[in-house]
Every structure is written in structure tokens, then in C-alpha cells.
Amino acid sequence: MFHVLSQCLSSPTATLSQARQAHALILKLNLFSDTHLTTTLLSLYANTHSLSTPQLSLTLSSHLPHPTLFSFSSLIQAFARSSHFPHVLTAFSHLAPRGLVSDAFLLPTTIKSCAILRALNQGQQVHAFALASGFVSDSIVASSLIQMYLKCDRIVDARKLFDRMPERDVVVWSAMIAGYSRLGLVDEARGLFGEMRSCGVEPNLVTWNGLLVGLGNNGLYDEAVGMFRVMLLEGFLPDGSTVSCVLPSVGCLEDVVMGSQVHCYVIKEGLLCDKFVVSAMLDMYGKCGCVKEMSRVFDEVEEVEIGSLNAFLTGLSRNGMVDSALEVFNRLKDQKMELNVVTWTSVIASCSQNGKDFEALELFRDMQANGVEPNAVTIPSLIPACGNISALTHGKEIHCFSLRKGIFDDVYVGSALIDMYAKCGRIQLSRRCFDNMLAPNLVSWNAVMSGYAMHGKAKETMEMFHMMQQSGQKPDSITFTCVLSACAQNGLTEEGWHYYNSMSKEHGIEPKMEHYACMVTLLSRVGKLEEAYSIIKEMPFEPDACVWGALLSSCRVHNNLSLGEIAAEKLFPLEPANPGNYVLLSNIYASKGLWDEENRIREMMKSKGLRKNPGYSWIEVGHKVHMLLASDQSHPQMKDILEKLDKLNMEMKKSGYLPKTNFVLQDVEEQDKEQILCGHSEKLAVVLGLLNTSPGQPLQVIKNLRICDDCHAVIKAISKLEGREIYIRDTNRFHHMKDGVCSCGDFW
DNA sequence: TTAGGGTTAG
């Protein structure tokens with residue numbers, strides 16, 4: 001019986017149920033006294049992944065009357081093979097109490113488990129043992145310890161051990177180089193690589209790969225690709241790992257020629273069976289904009305692997321093919337393919353980045369319903385969707401969700417929250433998120449400044465700009481867009497010029513298109529139209545539609561016909577299909593009573609098949625976001641809305657309000673004009689909010705066009721009459737209305 | 001019988 005059992009347990013094909021049967025027999029026949037048999041049983045349990053808790057192994061080992069080092073050794077090796085690393089450490093810790101002393105062979109496996117678990121404390125204990133026992137002079141033990149320190153980000157400790165090694169082989173050199181690479185210390189990695197060669201140790205593929213990945217991950221794409229070329233010249237034959245190390249850099253450089261060469265090599269060497277190679281290849285083609293080649297690689301792969309699918313989906317949406325990405329995603333979901341958090345995050349991100357904000361929120365719910373746990377990347381991918389549609393309730397829920405998940409100090413989450421709260425009108429909450437951040441980065445500073453800028457808070461924007469510099473954070477071109485647009489919102493020409501001039505002089509940042517657009521807006525809004533036009537004429541490159549559009553739109557505000565016509569003449573060929581531009585010019589004509597000219601523009605629009613963009617507004621009521629179109633009768637509560645609006649109009653007229661009909665630039669009767677103004681979507685949305693929320697609750701509305709003067713006046717009045725704070729976000733900025741006053745100071 | 005390298009989501 002003993003013999004049969006022993007054979008059965010040692011068989012490489014032994015199953016868990018056989019192990020259980022054997023276990024029962026061992027118990028029944030009281031065969032636990034046999035160390036070999038019991039050890040084999042333990043190893044088998046470990047190999048079949050069935051030892052889920054250390055307790056089981058300890059219970060079993062307690063039956064061993066005289067456990068030997070061999071018992072523990074085989075147990076530890078079995079745990080390591082089956083990736084039960086915590087059990088490795090537990091088993092190792094039971095050696096000493098039993099009077100057993102580890103040998104050198106047991107240390108590397110144990111140390112590796114510490115490394116994988118990032119268990120620095122236990123790793124240091126093993127290190128102490130290695131020093132005391134002298135095993136530290138064993139090069140493999142030292143190698144393992146170095147690796148453990150590197151994994152725990154203790155580069156100095158790793159280096160100390162490395163420097164003390166009398167003999168260093170290619171393995172330990174490669175480990176140090178890869179360690180420096182991973183931590184972004186590229187100079188050190190490069191230095192060691194040279195030092196290694198001068199010591200007469202030749203690199204192998206592993207060494208090259210470690211260096212390549214470090215270069216690529218730190219943005220040194222050119223150097224990574226160059227290093228890859230050198231490697232080829234020196235006669236090294238890249239393996240799958242090398243290829244997947246270098247392809248991300250090839251993609252970032254959009255070097256299609258190199259990419260295709262690597263692709264040919266991959267086919268020749270038969271590396272397409274390597275899942276890392278496939279996903280790196282898809283990623284590379286996606287980044288290079290080669291959708292056809294990417295799709296071909298994807299179609300040619302026999303079995304869809306999750307990493308490749310994720311790379312493919314990202315590649316599609318990177319190239320504007322969000323619908324195709326969603327189609328592939330839905331198809332594979334329906335086919336019950338197991339999708340992971342990367343897949344879900346990828347589609348959520350492509351929705352929120354491409355105007356599919358409602359879909360992004362829906363996917364987030366769906367993801368959790370499918371049992372996939374969102375992580376620290378999912379959250380900041382989703383948050384912008386809430387900001388885009390001013391869905392404050394959803395945004396707050398996701399904020400809470402991230403706190404519940406223990407995501408407190410993630411710089412991406414923090415920056416996304418700053419942006420979301422600002423876009424939902426809650427600038428104080430936005431600032432609080434910024435103040436709570438442990439280590440804000442450039443994106444976080446830009447987010448808080450852009451928030452203040454869109455709320456027209458120039459003083460705060462400039463304060464943050466100076467705080468940022470005091471903190472040692474250098475600005476980038478986006479920082480200046482925020483500062484300049486804040487100046488533009490407030491007509492601060494002097495300050496605007498100051499920051500604009502300091503850009504290249506003090507910060508070495510050359511003004512880009514958007515900075516010129518800000519300056520043109522700033523000057524033209526305050527009526528300095530000629531000065532704005534001079535800036536345009538002096539630009540070192542051709543102005544784009546934003547720049548001319550800014551000028552035209554200010555010409556409309558100041559009803560400047562001659563410059564307006566110049567701007568329109570430049571703008572129309574740049575954006576022939578944008579109805580807004582034609583409307584601006586026709587409005588200038590209309591404001592001057594030039595109905596023939598106005599008509600000519602309208603006819604021009606008609607002949608191009610263009611219609612005025614319908615104005616629409618969004619408002620979140622409870623968990624639902626409603627969209628209202630101007631003069632739209634389809635909303636089920638429209639009758640109530642119009643009734644309420646009528647009542648409000650009566651009250652306003654009593655207190656001296658006159659409808660600003662000069663904003664209805666159509667050749668119609670005065671009373672009809674009033675009717676048209678009543679149908680503006682932002683008013684409808686505000687009234688819908690009044691009807692469906694409790695008194696005193698703030699309302700936030702987004703409008704797809706710029707708010708008109710009349711709506712501005714009416715909603716200001718409503719804020720007073722109804723005692724509500726009302727936040728309106730138009731395409732230009734925020735209007736925070738309270739007690740009949742707007743935060744923009746009526747300048748927008 | 002023990003030590004070193006890789007892809008995909010913000």
C-alpha cells in the first residue's frame with residue numbers, strides 16, 4: 001500500500017482528487033510518520049493549486065514528526081511553481097522554529113517570492129540570514145537579493161550589493177541595467193551597459209531588452225530605435241521580447257518604415273504566435289495611423305487574445321473609429337469572450353473622448369454588472385464624461401466611488417476631478433480637490449487654472465500661475481492658454497500683453513495658434529479691433545479658423561462691418577461648412593439694417609445646404625440628463641415649462657424688464673421676436689430645472705452656443721425671483737448667476 | 001537544480 005501510494009503521488013499526472021484519496025488513506029493507515037510520503041503529498045497539493053491557505057500546509061506539516069529540510073524544500077519549490085508566494089514565505093519562516101537551517105539552494109526561491117510580493121521586510125530578514133550564514137557570497141543568492149531590492153525600488157541597496165560582488169556575470173549586470181531602466185534612471189542604465197562591456201562581459205538579448213524598454217518608457221524613442229539598429233548590426237537576433245520592447249517606440253515615432261521592417265522580421269521568424277508581439281504590433285500600427293495594416297494583423301491572428309484585442313480597440317478609437325471599436329467590443333462581449341478591466345477602460349475612454357458621454361456612463365455600469373472591478377485608470381477615463389455633460393450627481397458618485405476604492409492620491413484622478421467640478425460649475429470644489437492633492441503635476445496645475453479661466457476668475461488664475469512657479473513647476477503652452485484666456489474673459493489687456501510677451505522671453509515657449517487666438521479675442525472684445533487685426537497680420541504662420549473666428553465674433557459684438565467682412569472672407573474658405581460663421585456675418589448686416597446683404601448670406605447658406613446650428617441645452621435633474629432644443633415642443637413637460645416661463649415674464653415685466661429683441665436678427669414683427677426669444681433652449685432648461693427640483697437647489701445648464709443677451713438678462717432675473725443659484729456653461733465660459741447678478745459682470 | 005527581459009486602458 002505504501003509503495004502504491006508513493007508512486008501514485010509522485011506521478012506527474014496525479015490529480016487533486018487522487019491526492020485527496022491518498023490523503024484519506026494516509027490518515028486512515030496512520031502513515032504520517034513517513035516523511036517522504038507526507039512531503040510528496042504536500043507538494044502535490046501545492047502543485048494542484050489547492051492549498052489556498054497556509055493553515056492547510058501547517059496542519060499537514062504538523063503531522064510530520066521529524067520534518068527535514070528536504071520536506072520544506074520540496075514544499076517551497078512546489079509553492080513557488082504554483083505561484084503561492086505567500087505560502088513560500090510562511091513555509092520558510094517555519095524552518096527556524098523547527099531547528100532547521102536553510103541551505104543556499106532554498107534562498108533564491110524565497111527571495112524571489114519576497115520580490116514578487118514586494119515584501120521588503122521579509123526580504124531584509126533573508127538578507128540578514130544570508131549575511132550571517134555566508135551564503136551572500138553565492139553569486140546566485142546575491143543576484144536574487146539585488147533583484148528583490150530593485151523590485152522594491154531600493155536601488156541604493158541593490159547597488160551596494162552589486163558593487164561588493166567579486167565576480168559579476170551577465171545575469172546580474174542585466175538585472176541592474178533593467179532595474180535602473182524601470183525606475184527611469186536611463187543615464188545610469190546606459191552607463192552600466194558601457195561599463196559592463198569594458199569589463200569584458202558581453203551583453204545578451206536580456207541585457208539589450210532591459211535597456212530598450214527603459215529608453216522607450218522614458219520617451220527616448222529615437223534612441224531606443226537607434227539602439228535596436230546597433231543591436232542588429234552587432235549580429236544579435238531579436239526575439240519576441242526584443243520586438244515588443246522596441247515596437248512601442250517605433251509607434252510613438254510613427255516610423256512606419258521601421259514598423260514594416262519589424263513586421264517582416266516577425267513573420268520570417270514566426271514570432272506572431274507570441275501574444276506580446278501581436279499586441280505590440282497592433283499598437284504600433286494604430287499609433288502610425290495604419291488602420292488597414294492593423295486590422296490585417298488582427299484578422300490574421302488565429303485566436304483573439306485579450307491583450308491584442310485591447311490594443312486593437314485602442315488603435316481603432318485612436319484613429320477616430322469609435323463606432324467600429326464599439327462594434328468589435330459588443331460582438332466579442334456577446335460571444336462571451338472574457339473582457340478585462342483594460343478592455344472596459346479602453347472603450348469607456350474612447351467614448352468620453354469622443355462625445356459619447358452617455359455611452360461612457362452606461363458602459364461603466366455595464367462593466368460592474370459584468371463583475372469587472374474598475375481601477376485607478378478607469379476612474380479618470382470616465383470622469384471627463386461627467387464634466388462634458390455637467391452631470392454633477394454622477395460625477396460626485398464616481399468621486400465617492402474612487403474614495404471607497406481607496407484611490408485617494410492618484411494624480412490622474414485628482415486632475416480629472418478638478419476639471420470635472422470646474423465644468424459642472426463648482427469651482428470651489430474643484431479648488432478643494434487641487435488643495436487635497438499630495439503631489440500635483442503640470443496637468444493638475446493646468447486643470448485648476450483652466451477651471452478658474454472658464455469661470456472668468458482672472459485674479460485666481462494669475463494667483464495660481466504664480467503659486468505654480470513658486471512650487472518649482474514649469475509652465476507649458478497650455479498653462480499660457482489658460483492665463484491668456486482668463487485675461488481675455490475679463491478684458492485685461494495690460495496683463496494679457498505682459499504674459500504674452502513673457503512666454504518666449506522668460507519661459508522659452510513660442511506662442512502657438514491658440515495663444516494668438518486668445519490675444520485676438522482679448523483685444524477685439526474690448527473694442528481694439530484694429531490692434532487685434534495687426535496681431536493677425538504679424539503672425540509668423542497662417543492664422544486658422546479659430547483666429548479669424550475670434551475676430552469675426554468680436555466684430556459682431558461691436559458691429560464693425562468693414563473688419564467683419566475681411567475676417568469673413570478669410571474664414572469662409574477655411575470652414576466652408578460651419579453655419580455659425582455665416583450667421584455672425586449676416587447678423588452684422590442685420591444689425592445695420594442691411595437686409596439685402598443679410599439675405600444674400602442666408603441664400604449662400606441655403607445654396608450650400610447649411611442650416612443654422614440648432615441651439616440646445618442640457619440639464620441634469622436627479623440622475624437624468626435632459627436635452628432641450630430651441631423652440632422644441634417635444635419635451636413632455638413643455639406645456640408646463642411655457643406656462644411657468646410666461647408667469648416669470650409677467651413678473652419681470654412688472655419690475656421693468658424689456659425683452660432684448662435686438663438679439664432676434666430676423667426681419668419679423670416685434671411680438672414674434674419676443675416669441676422667438678422665449679423658445680431659447682437655455683431658458684427652457686432652466687425652467688425645467690425649476691419645475692423638477694426643490695426650492696433653493698442650484699441648477700446647472702450647458703448650452704451648445706454662446707448665451708444671448710436676452711437669455712442672460714432673463715436668467716439673471718430668474719435667479720433673483722426664484723432664489724436659485726444658476727450655473728450656465730456656454731461654448732465660451734461659465735456664468736454663475738445669483739441674486740440677479742452674474743459672475744461674468746455682463747462682459748462675455 | 002536555485003538568478004535577468006516584453007504588449008494592451010488614463
Side-chain angles (χ1 to χ4, degrees), chain A residues 73-74 76-77 80-81 102-113 115 135 138-148 150-151 165 168-179 181-182 203-214 216-217 238-248 251 271 274-284 286-287 298 305-315 317-318 325 339-350 352-353 367 372 374-384 407 410-416 419 443:
Chain A
S73 269
S74 27
I76 283 174
Q77 301 302 349
R81 270 197 306 277
S102 168
D103 59 10
F105 286 157
L106 206 45
L107 292 185
T109 310
T110 310
I111 297 167
K112 189 178 183 177
S113 303
F135 291 140
D138 180 311
S139 76
I140 295 176
V141 171
S143 259
S144 315
L145 283 169
I146 287 174
Q147 186 62 17
M148 184 274 294
L150 290 173
K151 284 261 157 62
M165 282 180 84
R168 285 169 290 196
D169 62 2
V170 64
V171 172
V172 74
W173 278 104
S174 305
M176 276 310 291
I177 290 169
S181 269
R182 229 188 350 252
N204 62 16
L205 280 182
V206 178
T207 330
W208 285 104
N209 295 348
L211 190 57
L212 281 177
V213 84
N217 285 345
D239 63 359
S241 185
T242 320
V243 168
S244 35
C245 286
V246 78
L247 277 176
L271 295 176
D274 183 329
K275 63 178 184 180
F276 290 101
V277 171
V278 174
S279 50
M281 190 76 71
L282 293 165
D283 173 65
M284 179 274 295
K287 283 183 183 145
F298 187 72
E305 185 272 330
I306 189 73
S308 313
L309 169 67
N310 296 341
F312 184 57
L313 292 175
T314 309
S317 63
R318 202 193 290 275
L339 307 171
N340 65 16
V341 60
V342 179
T343 328
W344 286 93
T345 304
S346 168
V347 285
I348 288 173
S350 50
S352 64
Q353 287 160 4
M367 167 182 190
V372 181
N375 67 12
V377 182
T378 320
I379 306 297
S381 308
L382 177 68
I383 292 173
I407 306 169
D410 185 285
V411 72
Y412 288 95
V413 174
S415 306
D419 181 65
V443 177

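Throughout, protein chains are lettered first and strands after them, A, B, ... in sequence-line order, and every chain is numbered starting at 1.
- As judged by a 4.0 angstrom heavy-atom cut-off over every strand, Ala142(A) is placed among residues making no nucleic acid contact.
- Residue Val243(A) is out of contact with every strand shown, counting any heavy-atom pair closer than 4.0 Å.
- A donor N or O paired with an acceptor N or O is found under 3.5 Å between the base of dG5(B) and the side-chain atoms of Asp239(A).
- Here Lys151(A) does not reach the OP1 or OP2 of dA3(B): none of its side-chain N or O atoms lies under 4.0 Å away.
- For dT2(B), neither phosphate oxygen OP1 nor OP2 lies less than 4.0 angstrom from any side-chain nitrogen or oxygen of Lys112(A).
- Atom NZ in Lys287(A) sits roughly 6 Å away from atom P in dT8(B) (whole-Å rounding).
- No donor-acceptor contact under 3.5 Å links the side chain of Ser279(A) to the base of dT8(B).
- Following rounding to the nearest Å, Gln353(A) (CD) and dG10(B) (P) show an atom-to-atom distance of 6 Å.
- Between the side chain of Ser181(A) and the backbone N or O of Gly210(A) there is at least one donor-acceptor pair closer than 3.5 Å.
- Put simply, Gln147(A) has no side-chain N or O that comes within less than 4.0 Å of OP1 or OP2 on dT2(B).
- Residues Ile407(A) and Asn375(A) share a closest heavy-atom pair of CD1-C, 4.1 Å.
- Distance Phe276(A) CZ to dT8(B) C1': 10 Å, rounded to the nearest Å.
- Residue Leu247(A) contributes atom CG, which lies 10 Å from atom P of dT8(B) at whole-angstrom precision.
- We find that CG of Asp283(A) is positioned 13 Å from C1' of dG6(B), with the value rounded to whole Å.
- Rounded to an integer number of Å, the gap from Arg182(A) CZ to dG4(B) P is 10 Å.
- A distance-only check finds no donor-acceptor pair linking the side chain of Thr343(A) to the backbone of Leu339(A) [under 3.5 Å].
- Using a 4.0 Å heavy-atom distance criterion, Asp274(A) is classed as a base contact.
- A donor-acceptor pair is defined here as one N or O able to donate and one able to accept, closer than 3.5 Å; no such pair exists between the side chain of Asn209(A) and the backbone of Leu212(A).
- Within the 4.0 angstrom heavy-atom criterion, no nucleotide atom of any strand lies near Asp138(A).
- Among the protein residues, Glu305(A) comes within range of no part of the nucleic acid, since none of its heavy atoms lies under 4.0 Å from any strand.
- As judged by a 4.0 angstrom heavy-atom cut-off over every strand, Arg168(A) is placed among residues making no nucleic acid contact.
- At least one donor-acceptor pair under 3.5 Å links the side chain of Asn310(A) to the backbone N or O of Ile306(A).
- Contact of Asn340(A) with dA9(B) (side chain to base): no donor-acceptor pair of N or O atoms is detected under 3.5 Å.
- No hydrogens or angles were tested; on distance alone, a donor-acceptor pair under 3.5 Å links the side chain of Asn204(A) to the base of dG4(B).
- Residue Trp208(A) holds its CH2 atom at 10.0 Å from CD1 of Ile177(A), rounded to the nearest 0.5 Å.
- A straight line from CG of Leu145(A) to P of dG4(B) spans 12 Å, rounded to a whole angstrom.
- In the set dT2(B), dG6(B), dG10(B), dG10(B) carries the atom at the smallest distance from any side-chain atom of Asp410(A).
- Considering every non-hydrogen atom in both Ile348(A) and Met367(A), the closest pair reads CD1-SD, 4.0 Å.
- Closest to the Tyr412(A) side chain, of the nucleotides dT7(B), dG10(B), dA3(B), is dG10(B).
- When the nucleotides dG5(B), dA3(B), dT8(B) are ranked by their closest atom to the side chain of Asn310(A), dT8(B) comes out on top.
- When distances are taken from the side chain of Val206(A) to each of dG4(B), dG6(B), dT8(B), the shortest belongs to dG4(B).
- As judged by a 4.0 angstrom heavy-atom cut-off over every strand, Gly179(A) is placed among residues making no nucleic acid contact.
- Side-chain atoms of Ser381(A) stay outside donor-acceptor range of the base of dG10(B), with no qualifying N/O pair under 3.5 Å.
- The interatomic distance linking Leu339(A) (CG) with dA9(B) (P) rounds to 16 Å, in whole Å.
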